[in-house]
Amino acid sequence: MGHPYIPNSDPEIKRRMLAAIGAESVEEFYADIPDSIRLHRPLDLPAPLRSEAELVRHMDDLLSRNIPARLSFLGAGCYRHHIPAVVEEVANRSEFLTAYAGEPYEDHGRFQALWEYQSLMGELLEMDVVNVPTYDGFQAAGTALRMAGRATGRRRLLLVGPIDPDKVSKIVDFVRPDHDVEVLDGTEDGWQTADLVVGADVAAVYIEAPNFHGVLDPALPSLAERAHAVGALLVVGCNPISLGAVAPPAAYGADIVCGDIQPLGIRMSFGGGNAGFIATRDEERLVREFPSRLFGVIPTVVEGEYGFGDVFYDRTSFALREEGKEWVGTAAALNGIMAGVYLALMGPQGMREIGETILALTRYAQERLSEVPGVEAPNRDKVSFADFVLRFTGERTAAEINTLLLEQGIQGGLALSDTDALYCVTEIHTREDVDRLAATLQEIVK
């Protein structure tokens, strides 16, 4: 028997639905999920809670197990930054917090707020067109590369690393129907971005600035030239909070820029405070490939009056449904509004100061921590932003060192291997924080 409130759980209805789409069983829908990550058993769910009071007590118990990130050196794509109080004050206004779709009959400034966000991001990125945020930076990277593939009509993609392995996995899965991906992880001995040869069959070259290890690759401008020489596009992922002190990718030839706006006034939220951006120049061949919504200033039915609404709407799956370039659903729009408030508060001078502060502290951390016996900073001769690699040459592994640091109230970096870990500093850290980490490591490593 089927569930009384779920029509497609009825065996006969399910059989007819499967027949209509030519599938033998529901199992066919999950064929792309690797067997290694499939559960192969029912979920181990607790008994149902019968009252609101029981649910509140259960949730309080779960939440009490969380450990706040106090002195944390963990970054790797999700960062602690100072968030001005007004950012969340604006985001918690009901016209933003509870507005789902924001259609004209229910919109109370949401479209304008997102247009302001796009405008501020465009100024920061030195790009003309910025989308309404996607779910996260991983999705933004995958979509940006598919945009490049549609614009060039080519299949092959080059990913130049180091790149977060989780991001690579998401990109490969996201572009798989249309593209073949070659990953050059940049961690091989002697490998340099400057040595990369871009073939004439390449749709796009993807690289990050800074990369996953926090390094700003000096070969980026020449990579743009090599990609453009064969008609390929350069797609650059970047940390937007660096751009007050670091040249934006557009300055050295990027065609599409993408990333995550989490550093711009959005809390980490246990790794979930994310939203992705994509930006291009105002070129129709690129703009037409955006699958997501774009807001602009447009005339209304009243002559001389203007409002805020969708631009080039026919690109999207909202207009074309199954003919859309990609499916576009709910956006992370509230996070976009928060990033817009943050950028408006910071202004050009504030963004410059925070970028320079993080650059300087990253350099100090690499120098100070590499003074600890048994600790090396292999990239200390390169310019790094926020993230940086530490290498432990003693008997303890990076994971073991993290465990011992946590016992001292310090969250260490992301373990990359037995010897290497990715640490991070931002403007919320002080030199005294780094000195405390160095002193604690000196006791642990020896």
Side-chain angles (χ1 to χ4, degrees), residues 73-79 137-138 141 158-168 171 183-196 205-227 234-254 257-260 262-263 354-370 375-393 398 412-417 419-427 429 434:
F73 294 92
L74 182 63
C78 194
Y79 304 96
F138 286 20
L158 294 181
L159 273 56
V160 181
I163 304 171
D164 182 348
D166 289 335
K167 181 181 286 188
V168 172
I171 289 173
V183 181
L184 302 169
D185 67 10
T187 59
E188 301 172 13
D189 291 339
W191 192 92
Q192 298 288 333
T193 306
D195 300 329
L196 178 65
V205 178
Y206 176 83
I207 192 169
E208 296 181 340
N211 64 29
F212 182 50
H213 291 175
V215 174
L216 291 158
D217 195 327
L220 279 164
S222 65
L223 184 57
E225 295 173 3
R226 280 172 278 155
L234 179 64
V235 180
V236 179
C238 71
N239 182 342
I241 208 166
S242 71
L243 300 182
V246 176
Y252 47 82
V257 183
C258 58
D260 202 301
Q262 184 274 324
I354 196 170
E356 290 177 345
T357 297
I358 295 173
L359 278 171
L361 192 59
T362 306
R363 168 60 63 188
Y364 176 77
Q366 288 177 298
E367 297 287 348
R368 178 69 181 88
L369 296 171
S370 62
V375 179
E376 298 176 357
N379 295 324
R380 60 185 291 190
D381 60 331
K382 302 171 183 174
V383 177
S384 299
F385 184 89
D387 292 300
F388 58 94
V389 174
L390 287 184
R391 179 165 295 154
F392 302 105
T393 59
L414 175 69
L416 302 174
S417 66
T419 59
D420 291 4
L422 189 63
Y423 279 67
C424 171
V425 291
T426 69
E427 81 286 355
H429 293 90
V434 176

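Computed from heavy atoms alone, side chains included, the values below leave out hydrogens, waters and symmetry copies. For reference, positions follow the sequence shown, starting with 1.
The shortest heavy-atom contact between Gln366 and Lys382 is OE1-O, 4.5 Å. Heavy atoms only, all atoms of each residue included: Cys238 and Val257 are closest at SG-CG1, 3.8 Å. Heavy-atom minimum distance, Val389 versus Leu422: CG2-CD1, 3.9 Å. The two residues Ala76 and Asp387 have their closest heavy-atom pair at N-OD1, 3.1 Å. The two atoms that bring Gly413 and Leu74 nearest to each other are C-CD1, 3.9 Å, heavy atoms only. Residues Pro378 and Glu376 share a closest heavy-atom pair of CD-O, 3.5 Å.
Residues Val215 and Val383 have side chains not in contact (no heavy-atom distance under 4.5 Å, counting atoms from C-beta outward). The shortest side-chain heavy-atom distance between Asp166 and Phe138 falls under the 4.5 Å cut-off. Contact check for Asp420 versus Ser417: side-chain heavy atoms found under the 4.5 Å cut-off. In this structure the side chain of His429 reaches within 4.5 angstrom of the side chain of Leu361, judged on heavy atoms. At a threshold of 4.5 Å between non-hydrogen side-chain atoms, the residues Leu390 and Phe388 count as touching. Residues Phe385 and Leu359 form a side-chain contact, since some pair of their non-hydrogen atoms from C-beta on lies under 4.5 Å apart.
The distance from atom CG of Leu220 to atom CD1 of Ile207, rounded to the nearest 0.5 Å, is 4.5 Å. Distance CD1/Ile163 to NE2/His213: 10.5 Å, rounded to 0.5 Å. For the atom pair Ile358 CD1 and Glu427 CD, the distance stands at 5.0 Å (nearest 0.5 Å). Between atom CD of residue Glu208 and atom CG of residue Leu159 there is a gap of 8.5 Å, rounded to the nearest 0.5 Å.
A donor-acceptor pair shorter than 3.5 Å cannot be found between the side chains of Asn239 and Tyr79. When only modelled atom types and interatomic distance are considered, Ser370 and Arg380 share a side-chain donor-acceptor pair under 3.5 Å. No side-chain N or O of Asn379 forms a donor-acceptor pair with one of Ser384 less than 3.5 Å apart.
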* Before giving the answer on side-chain contact (heavy atoms from CB on, under 4.5 Å), spell out for Cys258 and Tyr206 the whole-Å C-alpha distance, their side-chain angles and the decisive distance to 0.1 Å. => CA-CA 10 Å; Cys258 58; Tyr206 176 83; 3.9 Å; yes
* To do: Before giving the answer on side-chain contact (heavy atoms from CB on, under 4.5 Å), spell out for Val434 and Val425 the whole-Å C-alpha distance, their side-chain angles and the decisive distance to 0.1 Å.
  => CA-CA 9 Å; Val434 176; Val425 291; 4.3 Å; yes
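Side-chain atoms of Arg226 come within 3.5 Å of backbone N or O of Leu196 as a donor-acceptor pair. One N or O on the side chain of Thr362 and one on the backbone of Ala386 form a donor-acceptor pair closer than 3.5 Å. Between the side chain of Asp260 and the main chain of Gly137, a donor-acceptor pair closer than 3.5 Å is present. When atom types are taken as modelled, the side chain of Asp164 and the backbone of Phe212 share no donor-acceptor pair closer than 3.5 angstrom.
Between Phe73 and Tyr423, the ring planes are tilted. Angles from 30° to 60° get that label.
The side-chain contact (heavy atoms from CB on, under 4.5 Å) test with Pro249 singles out one residue from Leu243, Leu234, Val235, and that residue is Leu243. When the options Ile354, Thr426, Val246 are evaluated for a side-chain contact (heavy atoms from CB on, under 4.5 Å) with Ile241, the one that passes is Ile354.
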